[in-house]
Amino acid sequence: MPENAIIRGEDVVKEYETGDTVVRALKGIDFGIGPADFVAVVGPSGSGKSTLLNLLGLLDVPTSGTVRLRDEDVATFSDARATRERKRTIGFVFQQFYLIPTLTALENVEMPRMLDRTPKRTRERARTLLERVGLGERLDHYPDELSGGQKQRVAVARALINDPAILLADEPTGNLDRATGDSILDLFDELRAEEDVAVVTVTHDDYVAAAADRVVNLVDGEVRDDEPMATDPGGGA
Ligand code: ADP
Ligand code: MG
């Protein structure tokens, strides 16, 4: 577990109540995400992966145990504070990309900052990011003029518009063929090396898990192992 964690969890329990029944989705897990970490979360359907991602994304708080963002208990955050921290710290990437079809690539990347009063800076940053992800020639293309891999690159650029410390990805390669998925992994590597972004990804793809420096294997709400991959000598803390 990294010493200088951006976000860490201790004995984290998450329960959902529906009617008379309580589902214990996470049963007391520990985790820590440090700068530039690459962590893959794997496990069968219903094992708690999305629940964990929601906690890391400050979209939810644990039922018991603590989640700390840079040593502050997130349970003490007001909604406004959680929203602010989420915007400042977290970028989200999804399997379905969720680009807005009526906006160009550049406008999609600008979207999270549309309400900020810095349109010039936002535009420059969006352009730089699209160049960064290899789409400098596609700024004015609409999503349906882009391939799946290109759409995911736009989505990654959008997730980076506020300089997050952590990129949370839910099956980012789930809709991509292997070669395109590999190119997204290469992009993650560059972002970690050059922008110090940590990447936490839920995945069902073995090649993605094999590329991570740690694999969190969730089974029925518990971590079965959280060990460095034996094949990765540069593995995480
Ligand atoms: P995964 O992403 O690994 O498929 P989830 O974290 O989505 O697993 O779900 C873990 C468990 O919690 C499952 O049993 C699921 O049915 C339950 N669960 C998830 N979200 C809710 C919710 N909002 N209300 C009730 N139960 C939920
Ligand atoms: Mg899920």
Side-chain angles (χ1 to χ4, degrees), residues 1 5-33 37-69 73-75 77 79 82-83 85-86 89-99 148 151-152 155-156 158-159 164 166-176 178 180-181 184-185 188 198-227 229 236:
M1 193 145 306
I6 302 158
I7 191 162
R8 68 168 72 237
E10 256 180 54
D11 202 15
V12 169
V13 173
K14 181 66 194 178
E15 292 175 345
Y16 297 105
E17 280 182 49
T18 39
D20 302 340
T21 57
V22 174
V23 175
R24 215 169 159 80
L26 293 175
K27 298 177 177 169
I29 68 168
D30 298 325
F31 53 82
I33 310 297
D37 276 359
F38 183 12
V39 178
V41 179
V42 304
S45 178
S47 59
K49 303 182 297 297
S50 294
T51 299
L52 174 57
L53 224 57
N54 287 345
L55 292 171
L56 290 172
L58 310 180
L59 294 165
D60 210 345
V61 293
T63 307
S64 70
T66 49
V67 173
R68 287 196 173 80
L69 177 69
D73 186 343
V74 303
F77 290 176
D79 284 353
T83 301
E85 295 296 346
R86 189 182 313 124
T89 309
I90 316 283
F92 294 92
V93 174
F94 305 92
Q95 180 175 358
Q96 286 86 3
F97 321 129
Y98 294 122
L99 300 180
K151 281 185 226 179
Q152 194 58 298
V156 170
R158 179 184 55 191
I166 303 180
L167 201 61
L168 295 179
D170 202 347
E171 297 254 9
T173 57
N175 278 335
L176 305 177
R178 171 67 192 266
T180 309
I184 295 294
L185 286 181
F188 286 168
V199 177
V200 179
T201 183
V202 168
T203 189
H204 287 116
D205 291 325
D206 288 343
Y207 72 94
V208 175
D213 22 71
R214 279 186 292 141
V215 177
V216 175
N217 187 8
L218 282 176
V219 178
D220 199 17
E222 292 176 300
V223 176
R224 205 161 65 180
D225 53 54
D226 183 1
E227 298 295 321
M229 298 288 287

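First listed ligand is number 1; within each ligand, the first listed atom is number 1. We're numbering straight along the sequence, starting at 1.
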Who passes ring pair (Phe, Tyr, Trp, His ring centres under 6.0 Å) against Y207, sequence neighbours left out? none
What are the protein N, O or S atoms, given as residue plus atom name, that sit under 2.8 Å from the Mg ion (ligand 2)? S50 OG
Do [X] and [Y] make a side-chain contact, defined as non-hydrogen atoms from C-beta onward lying under 4.5 Å apart?
| X | Y | result |
| --- | --- | --- |
| F77 | T83 | no |
| V208 | L185 | yes |
| D30 | V223 | no |

To check you understand the geometry: which heavy-atom pair defines the closest contact between L167 and A159, and what is its length? CD1-CB, 3.4 Å
Show which side-chain atoms of residues 46-58 pair as donor or acceptor with protein atoms under 3.5 Å away, not counting sequence neighbours.
unit_1 : atom_1 : unit_2 : atom_2 : d
S47    : OG     : P44    : O      : 2.6
K49    : NZ     : G43    : O      : 2.9
K49    : NZ     : P44    : O      : 2.9
T51    : OG1    : Y16    : OH     : 2.9

Short side-chain to backbone donor-acceptor contact, D170 and V202, under 3.5 Å: no
Under 3.5 Å: donor-acceptor pair, side chain of D213, backbone of F38: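 Between the backbone of F38 and the side chain of D213 there is a qualifying donor-acceptor contact (under 3.5 Å).
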Please state whether the rings of Y98 and F94 are parallel, tilted or perpendicular, taking 30° and 60° as the class boundaries.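 Because their plane-to-plane angle is over 60°, the rings of Y98 and F94 count as perpendicular.
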Contact residues of ligand 1 (heavy atom under 4.0 Å), by chain and number: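 The answer is Y16, T18, V23, A25, P44, S45, G46, S47, G48, K49, S50, T51, counting any residue whose heavy atom sits under 4.0 Å from ligand 1.
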